[in-house]
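Structure first, then comments.
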There are 2 protein chains.
Amino acid sequence: MSANSRLTIAAHALTWIGLYQRRGHEVATSEQIATSANTNPVVIRRLLGELRKAGLADSRRGAGAGWMLVRDLAEITLLDVYQAIEPGPVFALHPATPDPECVVGHGIGPAMSAVYDKVEAALRRELARTTLEDVLRDILKAA
Amino acid sequence: MSANSRLTIAAHALTWIGLYQRRGHEVATSEQIATSANTNPVVIRRLLGELRKAGLADSRRGAGAGWMLVRDLAEITLLDVYQAIEPGPVFALHPATPDPECVVGHGIGPAMSAVYDKVEAALRRELARTTLEDVLRDILKAA
DNA sequence: CCCTGTTGTAACAGTAATCGTTACGATGAC
DNA sequence: GTCATCGTAACGATTACTGTTACAACAGGG
């Protein structure tokens, strides 16, 4: 599977805005963020648009436009970001319904679903343990 | 992301073989398993081929050919199956290297990697808690 | 020795998601 | 009115998964 970097880029964008604002600027442009993340401004705008819907970021239009945080970095967990970009489930059941006449075919869906739910819960629990403030601290410590 | 059902199908195949063998048969054919999983025999053979490399299954060729388990269902965890089919990482870093001149661009890779490692570890820990015997028990209990 | 059923594997099409890119209208401070 | 930026549609390239067809390799039974 071509692993997806959406969470990485989204965290990058928010962290960048947070640091930029702490240095006294009001808003950050998608152009600036894209330069730091080495991607295209549209990719940043698309992602920040989803983060805005989730209440994590906001934007101003017109001249002097750009992006800002709604909450402080310390109050945004990676789980918040993960849920904002609504990734599909990590695992899927059968593409086509298995044979219901077969014991295994009939019962394996619910059985695997229960496991997958627990796995996703563990994944979310782990993402919730890190805030963007933690990420920024790591970044500045390494610099 | 188009979630992938490889783990589901692999677990289905192994569980099916396990139950079939307990009922007194020596080997199961990819055709039989494919019928239960409602997919194509080649899909099953491809997956079982990977599971054989990992030492979880084996096959016989020629007439009276088919697939069998190498270990008992109770000694195969979903983590074993997961690792056997070698899924790519759940999360990826930036597709293109971020700007190393930027503090955030320079430090965010290692910071996110550390988090992703912990998340994957949690995911694996959770998968390791369930054996195919557990899955089969759930299936038979629901029937 | 031939027949037969099954595995092993290559090859290809269809689907879907991500990523990058171009293009252009909408907005709002100056 | 100008201009920088957002908002968003549209397209192509890439990648992975899934299903399918095709066929050679194999090995047991007659």
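Worth knowing before you read on, the calculation uses all heavy atoms, side chains too, and leaves out hydrogens, waters and symmetry mates. Within every chain, numbering begins at 1; the chains are lettered A, B, ... in the order of the sequence lines, protein sequences first and strands thereafter. Here the structure is a predicted model, which is why all the values come from computation and not from measurement.
- For A:L7 and C:dA17, the CG to P distance is 19 Å, given to the nearest whole Å.
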>> Please determine whether salt bridge (Lys or Arg N to Asp or Glu O under 4.0 Å) holds for the pair B:R129 and B:E126, giving the CA-CA distance in whole Å, both sets of side-chain angles, and the decisive distance to 0.1 Å.
In response: CA-CA 5 Å; B:R129 296 185 54 209; B:E126 198 60 40; 3.2 Å; yes
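- Here the P atom of nucleotide D:dC17 and the NE2 atom of A:H94 are 17 Å apart, to the nearest Å.
- Rounded to a whole Å, the CD1 atom of B:I44 is 15 Å from the P atom of C:dT6.
- Side-chain atoms of B:T39 and A:H94 include no donor-acceptor pair closer than 3.5 Å.
- Across all strands shown, A:G49 has no heavy atoms under 4.0 Å from either base or sugar-phosphate atoms.
- Within the 4.0 Å cut-off from OP1 or OP2 of C:dG8, at least one side-chain nitrogen or oxygen of B:S59 is found.
- Between A:R6 and B:S30, the residue anchored nearer the 5' end of DNA chain C, judged by the nucleotide with its closest heavy atom, is B:S30.
- No donor-acceptor pair under 3.5 Å is formed between the side chain of B:D117 and the backbone N or O of B:A114.
- Rounded to an integer number of Å, the gap from A:Q32 CD to D:dA4 C1' is 12 Å.
- Between the CZ atom of B:R60 and the C1' atom of D:dG28 there is a distance of 10 Å, given to the nearest Å.
- If you measure from atom CD1 of A:I85 to atom C1' of C:dA17, you get 13 Å, rounded to the nearest angstrom.
- Between the CG atom of B:L47 and the C1' atom of C:dT7 there is a distance of 15 Å, rounded to whole Å.
- Formation of a donor-acceptor pair under 3.5 Å by the A:D58 side chain with backbone atoms of A:V70 is not found in this model.
- A:N4 places its CG atom 18 Å from the P atom of C:dA16, with the value rounded to the nearest Å.
- The shortest distance between side-chain heavy atoms of A:S59 and A:R52 falls below 4.5 Å.
- Ionic pairing of B:D134 and B:K141 is not present here: no N-O contact between side-chain nitrogen and carboxylate oxygen is shorter than 4.0 angstrom.
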>> What does the B/S/- profile of nucleotides 20-30 of chain C look like, 5' to 3', with a 4.0 Å heavy-atom cutoff to protein?
In response: BBBB-BBBBB-
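- Counting only heavy atoms from C-beta outward, the side chains of B:M112 and A:H12 never approach each other to under 4.5 Å.
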